Amino acid sequence: MANSKTLVILAIFCILLMHELKSSAEAEQIDCKLKCGYRCSKTSRQKMCMRACNTCCQRCNCVPPGTSGNTHVCPCYANMKTHGGKLKCP
């Protein structure tokens with residue numbers, strides 16, 4: 001009897017914890033349009049850069065600073081590849 005009560009309490013605690021983690025992650029979303037706008041500001045292919053950057057930003061919630069390089073700041077962004085094995089994120 002005590003085991004079932006413990007399991008119920010543990011399950012409720014886990015659900016509350018997951019809800020809190022989800023809420024805090026949503027609150028910290030960065031402005032991908034703004035960050036990618038700057039990241040792609042010096043490229044000759046603005047639309048393609050913005051599309052790729054926004055996809056990467058949505059998935060990783062991170063865009064490296066500057067207009068190029070600095071990918072060590074966002075490992076997820078730096079390691080994302082296309083189906084052809086090329087780097088996806090500008």
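Basis for what follows: all heavy atoms, side chains included, without hydrogens, waters or symmetry-related copies. Just so it is clear, the structure is predicted and the values come from calculations on it, not from any experiment.
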For the residue pair P75 and V73, what are the closest heavy atoms and their distance?
CD-O, 3.5 Å
Just wondering, do C56 and V63 contact through their side chains at under 4.5 Å, heavy atoms?
no
Can you find a pair of side-chain heavy atoms, one from L87 and one from K81, that are under 4.5 Å apart?
yes
Is there side-chain contact between T55 and K88, with at least one heavy-atom pair below 4.5 Å?
yes
Hey, does R51 have a side-chain heavy atom less than 4.5 Å from the side chain of M48?
yes
Reported CG-to-CZ distance for the pair N61 and R59, which is rounded to 0.5 angstrom:
14.0 Å
Would you give the length of the straight line joining atom SG of C49 to atom CZ of R39, rounded to the nearest 0.5 angstrom?
8.0 Å
Just wondering, do C53 and Y38 contact through their side chains at under 4.5 Å, heavy atoms?
no
Measuring only between side-chain heavy atoms, which start at C-beta, is C74 closer than 4.5 Å to P64?
yes
Separation of K33 NZ from C57 SG (nearest 0.5 Å):
13.0 Å
Is the gap between the SG atoms of C76 and C60 under 2.5 Å?
yes
Nearest 0.5 Å, what's the CG-SG distance between N54 and C36?
4.0 Å
